[in-house]
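A short write-up of the structure that comes next.
Keep in mind that what you see is a predicted model, and the values were worked out from it rather than measured. These numbers come from the heavy atoms of this one structure, side chains and all, not from hydrogens, waters or symmetry mates.
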Amino acid sequence: MATKKQLQDSLKLQYGINKNISQELSTENCERLLALMDQEPSILELVASFADKNIELGKNNQRFGQQRSQAERQLKKAKAEYEQLQKSVAEAESRNNGLRVKRGDLDKEQAALQQRINDLQAQNQQLSGTVQTLEKKTEALSDVNEVLKKDNKALKNLVDQIRLKLAIDIKQLMRYEDSELRKAAARLFKWTQG
């Protein structure tokens, strides 16, 4: 008798069913699922469709997670630069006040410092815009991430419902006589076709 891990490996290799999905199944359910997919191509197509969608959603989650992390790093860096620029502006203004007292011979130096202050303020405005843009992107990524979480949950629920319905129908099929078994199998086939 194969172990659950061996059955999960078979599901992954033969049908592309992620181990995260098959982890919730018992050893017996894994065996039954393998047998059903070997016997019924429509179930195989349905499971393959769900597995493909799961992979696609996983990739989207990973991509959005990476984008969000990158945006958070950029925001953190921009905030640090912004704070550093704020300190630089404060220091420059403090020095500027001291230079005003010595105005006479230091007018040229004061003009240079004033230009530096103007440059820093322009950079400060640019960084403020960048911070706002990054905050909006972070919010948008958070919203997308929430939607993806809900989609993943809905997909999991749908797969669980299909699995349950399929298990119930197969169990009922095993109770029927041969002619009734054919009718029930036809009904199950129609149901899997939509």
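- Not counting sequence neighbours, Glu83 has no partner by the side chain to side chain donor-acceptor pair (under 3.5 Å) test.
- With sequence neighbours excluded, no residue satisfies side chain to side chain donor-acceptor pair (under 3.5 Å) with Ser10.
- Here CG of Leu57 is found 7.0 Å from CG of Leu148. Values are rounded to the nearest 0.5 Å.
- Between the CG atom in Leu25 and the CD atom in Gln23 there is a gap of 9.0 Å [rounded to 0.5 Å].
- Contact check for Arg68 versus Val144: no side-chain heavy atoms found under the 4.5 Å cut-off.
- Counting non-hydrogen atoms of other residues, nucleotides and ligands closer than 6.0 Å to NZ of Lys53 gives a total of 12 or fewer.
- With sequence neighbours excluded, no residue satisfies side-chain contact (heavy atoms from CB on, under 4.5 Å) with Ser94.
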Test side chain to side chain contact (heavy atoms under 4.5 Å, CB included) applied to Lys76 and Arg73, step by step: CA-CA 5 Å; Lys76 187 176 180 181; Arg73 285 192 302 272; 5.7 Å; no
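- Lys79 meets the salt bridge (Lys or Arg N to Asp or Glu O under 4.0 Å) test with no other residue; sequence neighbours excluded.
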Worked check of side chain to side chain contact (heavy atoms under 4.5 Å, CB included) between Gln114 and Asn96: CA-CA 8 Å; Gln114 188 61 47; Asn96 197 20; 3.3 Å; yes
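- Across all their heavy atoms, Ser22 and Cys30 have their closest contact at O-SG, 4.1 Å.
- Residue Gln84 holds its CD atom at 12.0 Å from CG of Asn124, rounded to the nearest 0.5 Å.
- Side-chain atoms of Asn145 and Phe64, non-hydrogen and from C-beta on, never get closer than 4.5 Å to each other.
- Shown here are the side-chain contact (heavy atoms from CB on, under 4.5 Å) partners of Gln161, two or more places apart in sequence or in another chain: Leu158.
- Scored by the salt bridge (Lys or Arg N to Asp or Glu O under 4.0 Å) test, Lys156 finds Asp160 as partners (sequence neighbours excluded).
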For a quick test of your reading: what N or O donor-acceptor pairs under 3.5 Å do the side chains of residues 130-143 make, sequence neighbours left out?
residue : atom : partner : partner atom : Å
Thr130  : OG1  : Gln126  : O            : 3.0
Thr133  : OG1  : Gly129  : O            : 2.9
Thr138  : OG1  : Leu134  : O            : 2.8
Ser142  : OG   : Thr138  : O            : 3.0

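- Considering only residues two or more places apart in sequence or on other chains, Asp151 meets the side chain to side chain donor-acceptor pair (under 3.5 Å) condition with none of them.
- Take Lys19 and apply the salt bridge (Lys or Arg N to Asp or Glu O under 4.0 Å) test, not counting sequence neighbours, and it matches Asp9.
- With sequence neighbours excluded, the residues satisfying side chain to side chain donor-acceptor pair (under 3.5 Å) with Gln115 are Asp119.
- The cluster map of Ile, Leu, Val, Met, Phe, Trp and Tyr, joined by side-chain heavy atoms under 4.5 Å apart, puts Tyr82 and Ile117 in different clusters.
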Worked check of side chain to side chain contact (heavy atoms under 4.5 Å, CB included) between Glu72 and Lys77: CA-CA 9 Å; Glu72 287 173 349; Lys77 181 180 175 184; over 6 Å; no
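- The two residues Gln6 and Thr3 have their closest heavy-atom pair at OE1-N, 2.8 Å.
- Each of Ile55 and Val159 belongs to its own hydrophobic cluster when Ile, Leu, Val, Met, Phe, Trp and Tyr are linked at side-chain heavy-atom distances under 4.5 angstrom.
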Criterion side chain to side chain contact (heavy atoms under 4.5 Å, CB included) on Leu7 and Leu33, from CA distance to verdict: CA-CA 10 Å; Leu7 294 170; Leu33 186 58; over 6 Å; no
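- A donor-acceptor pair under 3.5 Å is formed between the side chain of Ser69 and the backbone N or O of Gly65.
- Atoms CD and CG, from Glu31 and Leu36 in turn, are 12.0 Å apart once rounded to the nearest 0.5 Å.
- The hydrophobic cluster of Val147 has no other members, since no ILVMFWY side-chain heavy atom comes under 4.5 Å of it.
- Distance check, rounded to the nearest 0.5 Å: CZ of Arg95 to CD of Glu109 gives 9.0 Å.
- Remark: Arg100 CZ to Gln110 CD distance equals 6.0 Å, nearest 0.5 Å.
- Lys149 places no side-chain N or O within donor-acceptor distance of the main-chain N or O of Asn61, the cut-off being under 3.5 Å.
- Connectivity analysis of hydrophobic side chains (ILVMFWY, heavy atoms under 4.5 Å, direct or indirect) links Leu85 to Val89, Leu120, Leu127.
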